[in-house]
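Values below: every heavy atom of this structure, side chains too, minus hydrogens, waters and symmetry copies.
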Amino acid sequence: MAHIAPIAPQLVTTAPTALVFKEKKFSLFSSDSDSGDVVDGNGNKMFKINAHKMTLSERRTMVHVPSKQEVGQLRKSKMPGLKAKYYVGTMQDDKAVKVVEKGAFNPLNCDAKIEVGGKDVGLVKGNWRAKEYSISLNGVQVASVKRKTSFSSLVFDADSYCLEMGPGCDMAFLVLVTIALDEMYHESDD
């Protein structure tokens, strides 16, 4: 089944795929804080997330390591509001996708809706305290995400997430949605 691939259609999965996003929080070099790496099941680095700390929108860019090309970006909405909003985009269109918090007053859920072109196309649903959620597009679950607890996550607040996705998924898009959820829900726990 073909899914939505708004960020990197050239990086759509052809088989079930597992990726691990490892966030870096503590660094002697401040420009490296809040960045991260994404590796596949064999430990090969697939993406590098670069944090741009000197921006109002807390922008992050994503580099596809094998091709050395920037393929996507994430930024926080600058508009104040009751619900957190993050934009996931390409390097040419930074607002291709909007991830909007749902159920802001229920501290146990980590739900969000995904919009493309002003239309609701997806839903992120799960239990933040249980550290897991699912991502559905057009009513079909396409990925599951689990936050892993480790020494680094406890001491340095550097989280790791395991994403499992089926064939036909835009890997870059799902990683950026996962980072948006981390920013939306986990960062507010501090």
Side-chain angles (χ1 to χ4, degrees), residues 1-8 12-13 17-21 23 25 34 36 38 47 49 51 55-62 72-90 93-149 153 157 159-166 168-190:
M1 171 180 220
H3 297 294
I4 298 166
I7 305 305
V12 169
T13 58
T17 303
L19 298 174
V20 176
F21 167 61
E23 183 180 38
K25 280 290 199 170
D34 239 5
V38 179
F47 300 104
I49 309 299
T55 63
L56 292 175
S57 60
E58 302 172 18
R59 188 169 73 97
R60 288 173 180 74
T61 54
M62 172 185 265
Q73 61 179 311
L74 170 73
R75 69 179 183 82
K76 186 176 186 176
S77 172
K78 293 180 250 180
M79 298 299 294
L82 292 177
K83 295 183 178 185
K85 294 179 198 122
Y86 282 81
Y87 293 105
V88 172
T90 64
D93 180 6
D94 67 340
K95 292 183 178 180
V97 177
K98 186 167 38 171
V99 180
V100 182
E101 176 182 34
K102 281 184 70 174
F105 302 108
N106 184 344
L108 297 179
N109 290 335
C110 64
D111 298 351
K113 66 179 181 175
I114 300 170
E115 299 176 9
V116 176
K119 294 181 186 176
D120 289 356
V121 299
L123 180 65
V124 180
K125 190 164 183 58
N127 182 322
W128 189 254
R129 299 295 175 220
K131 301 175 180 85
E132 58 187 54
Y133 52 90
S134 63
I135 301 172
S136 297
L137 298 173
N138 293 326
V140 176
Q141 183 176 329
V142 297
S144 62
V145 180
K146 293 181 179 154
R147 186 169 62 147
K148 297 171 22 175
T149 303
S153 68
D157 195 29
D159 295 313
S160 291
Y161 295 88
C162 181
L163 291 83
E164 294 181 1
M165 61 194 82
C169 293
D170 180 341
M171 292 187 286
F173 169 57
L174 293 177
V175 169
L176 289 169
V177 167
T178 299
I179 296 169
L181 265 284
D182 175 66
E183 292 297 310
M184 208 176 276
Y185 289 98
H186 184 61
E187 301 303 318
S188 64
D189 288 348
D190 296 341

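- A donor-acceptor pair is defined here as one N or O able to donate and one able to accept, closer than 3.5 Å; such a pair exists between the side chain of Asp111 and the backbone of Gly126.
- Shown here for Leu163 and Leu174, the closest heavy-atom pair between the two residues is CD2-O, 3.7 Å.
- The closest donor-acceptor contact from the side chain of Thr13 to the backbone of Gly166 lies under 3.5 Å.
- For Lys146, there are no side-chain hydrogen bond (donor to acceptor under 3.5 Å, both in side chains) partners at least two apart in sequence or on another chain.
- The structure places CE of Met184 at 11.0 Å from NZ of Lys83, a figure rounded to the nearest 0.5 Å.
- Scanning both residues, Ser77 and Tyr87, for their nearest heavy atoms gives CB-CE1, 3.8 Å.
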**Report entry** Pair Leu19-Met165, side-chain contact (heavy atoms from CB on, under 4.5 Å): steps then yes or no
**Finding:** CA-CA 8 Å; Leu19 298 174; Met165 61 194 82; 3.8 Å; yes

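- A heavy-atom distance below 4.5 Å is found between the side chains of Val145 and Tyr161.
- Here the side chain of Gln73 pairs a donor or acceptor atom with the backbone of Thr90 at under 3.5 angstrom.
- Note that the CE atom of Met62 and the CD1 atom of Ile179 stand 5.5 Å from one another [nearest 0.5 Å].
- Note that CZ of Arg60 is 10.0 Å distant from NZ of Lys76, once rounded to the nearest 0.5 Å.
- Taken to the nearest 0.5 Å, the CG atom of Leu181 stands 12.0 Å off from the CG atom of Leu176.
- Residues Val99 and Ala112 approach most closely at CG1-CB, 4.0 Å, considering heavy atoms.
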Query raised in the report: Are Phe21 and Ile49 close enough, and set up right, to give a side-chain contact (heavy atoms from CB on, under 4.5 Å), and what steps lead you there?
Result: CA-CA 9 Å; Phe21 167 61; Ile49 309 299; 3.9 Å; yes

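- What you find for Ile7 and Gly72 is that their closest heavy atoms are CG2-CA, 4.0 Å.
- Across every non-hydrogen atom of Leu74 and Tyr86, the tightest pair is CD1-CB, 3.9 Å.
- In this view, Lys85 satisfies the salt bridge (charged side-chain N to carboxylate O under 4.0 Å, His left out) rule with no residue, not counting sequence neighbours.
- Applying the salt bridge (charged side-chain N to carboxylate O under 4.0 Å, His left out) criterion to Asp93, with sequence neighbours excluded, gives no partner residue.
- The CZ atom of Arg147 sits 12.5 Å away from atom OG1 of Thr178, with the distance rounded to the nearest 0.5 Å.
- Minimum heavy-atom separation, Gln141 to Ser136: CA-OG, 3.5 Å.
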Query - Verdict with reasoning, Phe173 to Ile114, per side-chain contact (heavy atoms from CB on, under 4.5 Å) - result: CA-CA 11 Å; Phe173 169 57; Ile114 300 170; 4.0 Å; yes

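- Tyr133 places none of its side-chain heavy atoms less than 4.5 Å from the side chain of Leu123.
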